[in-house]
Student: 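Here you go, one structure.
Numbers here simply count residues along the sequence, with the first being 1.
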Amino acid sequence: MYYAAGSTDSGIVREQNQDAIFVNNAPIGPFPNLFIVADGMGGHNAGEVASRIAVEKFSEYIRNFAVRDFIQPENYLDLLVNAAQHANAMILEKAAEDSTMRGMGTTLSACVITDDKIFIAHIGDSRIYATSHTEMKQLTTDHTFVEELLRSGNVSPEEARNHPRRHLLTRVLGIPEDNGKMEVDTCVEDIGGSTAVLLSSDGFFNMVTDDTALRIINGVGYVETRVRHLVEEANKGGGRDNISVILIDIGR
């Protein structure tokens, strides 16, 4: 059994926390575990509402998946995608009901871990990493304007880090799609050689270097203690955005 802990914090600049997390170490629906980070966006309280709906409706969809429809690991990705699309539909429904919520959206990065494999569904620029003693390997791809420029070779990594539009998202939950379905990135990765898995919002990884994160992740202490230290480090780095962290200890 993998053990995880998570924390979300408003940071030291913003008054409101629009992030939401879900940490479930025990079986849920057909899954052995489930972990989610969502980073909301929108005026008034809309971002907070979008991330909360995403986490609640995603996890509820998994939890209520009928036992008679039990699926094997090779079908986990399909269920993760269906849950994300359900959450997207619920956000759009809420926005249609309340004009103050129109235009709200949220990132969503979710994963399940079993048999040294991680199954991921991802939308936006929150991230999932697999860590070793020496490296943080990003398993997700940011859905941002600058990431598209970087992948096409139109900007250098240094230019991307300082680009004025580096925070512009190109895909989030809450934006209507032409065919009514949200495009969700998925992947399956072998994490057998990893020490931990880290889920985080951009308020964490924009404030903390990989070296500092690795030192804390691979340090001593309970998972809850290391999570608290990760959040503290993001606040020490400036705390300019909401901070969300989930750390899953692989036990190596």
Side-chain angles (χ1 to χ4, degrees), residues 8 18-22 35-43 46-55 57-58 77-78 80-92 95 102-112 118-130 136-189 197-207 210 240-246:
T8 184
Q18 296 190 326
D19 287 2
I21 65 173
F22 182 82
F35 311 100
I36 310 170
V37 166
D39 181 355
M41 48 169 271
E48 179 183 8
V49 173
S51 62
R52 175 177 53 79
I53 291 175
V55 167
K57 297 304 179 181
F58 190 104
L77 292 182
D78 290 339
L80 287 170
V81 169
N82 290 342
Q85 290 173 343
H86 173 70
N88 186 55
M90 295 299 98
I91 293 170
L92 291 171
R102 288 174 189 164
M104 69 178 174
T106 182
T107 71
L108 185 140
S109 295
C111 70
V112 179
I118 184 170
F119 299 79
I120 293 173
H122 166 73
I123 307 100
D125 68 343
S126 296
R127 293 179 180 177
I128 300 178
Y129 294 89
M136 289 185 65
K137 179 183 177 183
Q138 186 177 338
L139 304 180
T140 53
T141 299
D142 296 346
H143 297 140
T144 62
F145 174 74
V146 169
E147 179 64 24
E148 291 184 0
L149 291 179
L150 186 61
R151 291 169 68 86
S152 65
N154 289 319
V155 297
S156 68
E158 179 59 32
E159 290 171 329
R161 278 192 292 272
N162 299 291
H163 198 284
R165 301 178 72 185
R166 62 188 179 277
H167 301 302
L168 180 61
L169 294 169
T170 57
R171 199 189 313 172
V172 293
L173 291 182
I175 303 301
E177 297 292 311
D178 292 338
N179 61 1
K181 293 288 187 180
M182 164 60 61
E183 183 182 356
V184 182
D185 280 3
T186 61
C187 67
V188 181
E189 296 280 348
V197 169
L198 177 72
L199 289 76
S200 68
S201 62
D202 64 341
F204 171 78
F205 58 74
N206 285 332
M207 296 292 103
D210 286 1
R240 293 191 295 271
D241 199 352
N242 304 150
I243 304 158
S244 290
V245 171
I246 297 173

Student: With no hydrogens and no angle check, is any side-chain donor or acceptor of N242 less than 3.5 Å from a backbone partner on Q18?
Tutor: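 Yes: the side chain of N242 pairs with the backbone of Q18.
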
Student: Just by modelled atom types, is the Y129 backbone N or O under 3.5 Å from a matching donor or acceptor in the Q138 side chain?
Tutor: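 No, because the side chain of Q138 does not come within donor-acceptor range (under 3.5 Å) of the backbone of Y129.
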
Student: Quick one: list whatever passes ring-ring contact (aromatic ring centres under 6.0 Å, His included) with F205, sequence neighbours left out.
Tutor: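 Applying ring-ring contact (aromatic ring centres under 6.0 Å, His included) to F205 gives none.
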
Student: Apply side-chain contact (heavy atoms from CB on, under 4.5 Å) to the pair L169 and R171, showing each step before the final yes or no.
Tutor: CA-CA 6 Å; L169 294 169; R171 199 189 313 172; over 6 Å; no

Student: Should V172 and M41 be marked as a side-chain contact (heavy atoms from CB on, under 4.5 Å) after you check the CA-CA gap, both sets of side-chain angles, and the distance that decides it?
Tutor: CA-CA 9 Å; V172 293; M41 48 169 271; 4.1 Å; yes

Student: Verify whether one side chain among S201 and D39 offers a donor that lies under 3.5 Å from an acceptor in the other.
Tutor: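 No, D39 and S201 have no side-chain donor paired with an acceptor closer than 3.5 Å.
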
Student: How far apart are the closest heavy atoms of A87 and A54, and which atoms are they?
Tutor: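 Looking at all heavy atoms of both residues, the closest pair is CB-O, 3.8 Å.
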
Student: I'd like to check I120 versus T140 (side-chain heavy atoms, cut-off strictly below 4.5 Å). Are they in contact?
Tutor: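 They are in side-chain contact.
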
Student: Can you name the closest pair of heavy atoms from A50 and G105 and give their distance?
Tutor: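 Nearest heavy atoms, A50 then G105: CB-O, 3.4 Å.
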
Student: Name all residues meeting the side chain to side chain contact (heavy atoms under 4.5 Å, CB included) criterion together with V55; count only those two or more places apart in sequence or in a different chain, and write none if there are none.
Tutor: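 Expected list: A20, F22, I36, A38.
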
Student: With rounding to the nearest 0.5 Å, note down the distance linking CG in N88 to CG in L173.
Tutor: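 If we round to the nearest 0.5 Å, N88:CG and L173:CG are 5.0 Å apart.
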
Student: Closest approach of V184 and A121, non-hydrogen atoms and distance?
Tutor: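 V184 and A121 have their closest heavy atoms at CG1-CB, 3.9 Å.
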
Student: Taking D202 first and then R127, would you say they form a salt bridge - that is, a charged N and a carboxylate O separated by under 4.0 Å?
Tutor: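 Salt bridge: no.
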
Student: Tell me the closest heavy-atom pair linking G174 and L92, and the distance in Å.
Tutor: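 In terms of heavy atoms, the two residues are closest at O-CD2, 3.1 Å.
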
Student: Identify the two heavy atoms, one from K137 and one from E189, that lie closest to each other, and give their separation to 0.1 Å.
Tutor: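 Closest heavy-atom pair between K137 and E189: NZ-OE1, 3.8 Å.
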
Student: Are the side chains of M136 and L198 in contact, using a 4.5 Å heavy-atom criterion?
Tutor: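 L198 reaches M136 side chain to side chain.
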
Student: Would you say I118 and V188 make side-chain contact, with heavy atoms under 4.5 Å?
Tutor: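 No, too far: nothing below the 4.5 Å cut-off.
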
Student: Work out which heavy atom in I128 is nearest to a heavy atom in A110; give both atom names and the distance.
Tutor: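 Residues I128 and A110, closest heavy atoms: CD1-O, 3.9 Å.
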
Student: Can you check side-chain contact (heavy atoms from CB on, under 4.5 Å) on T106 and I91, steps first, answer last?
Tutor: CA-CA 9 Å; T106 182; I91 293 170; 3.8 Å; yes

Student: Measure the OG-CE distance between S51 and M104 for me, rounded to the nearest 0.5 Å.
Tutor: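 It comes to 9.5 Å.
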
Student: Will you find, in the side chains of H122 and S109, an N or O donor that is under 3.5 Å from an N or O acceptor?
Tutor: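 H122 vs S109: donor-acceptor pair found between side chains.
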
Student: Once you round to the nearest 0.5 Å, how far does CD1 of I243 lie from CZ of F204?
Tutor: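 Nearest 0.5 Å value for the CD1-CZ distance: 9.0 Å.
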
Student: Run H143 and D185 through side-chain contact (heavy atoms from CB on, under 4.5 Å) and show every step you take.
Tutor: CA-CA 10 Å; H143 297 140; D185 280 3; 2.6 Å; yes

Student: With no hydrogens and no angle check, do the side chains of S126 and T107 hold a donor and an acceptor under 3.5 Å apart?
Tutor: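 Yes - a donor-acceptor pair under 3.5 Å links their side chains.
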
Student: Evaluate the side-chain proximity of F58 to L80: yes if any heavy-atom separation is below 4.5 Å, no if none is.
Tutor: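 Counting from C-beta outward, L80 and F58 do come under 4.5 Å.
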
Student: Drop me the distance from L199's CG to L139's CG, to the nearest 0.5 angstrom.
Tutor: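 Here the rounded value is 9.5 Å.
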
Student: State the SG-CG distance between C187 and L77, to the nearest 0.5 angstrom.
Tutor: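 Taking SG in C187 and CG in L77, the distance rounds to 7.5 Å.
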
Student: Which distance, rounded to the nearest 0.5 Å, do you find between the CD1 of I21 and the OG1 of T8?
Tutor: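 Rounded to the nearest 0.5 Å, the CD1-OG1 separation comes to 6.0 Å.
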
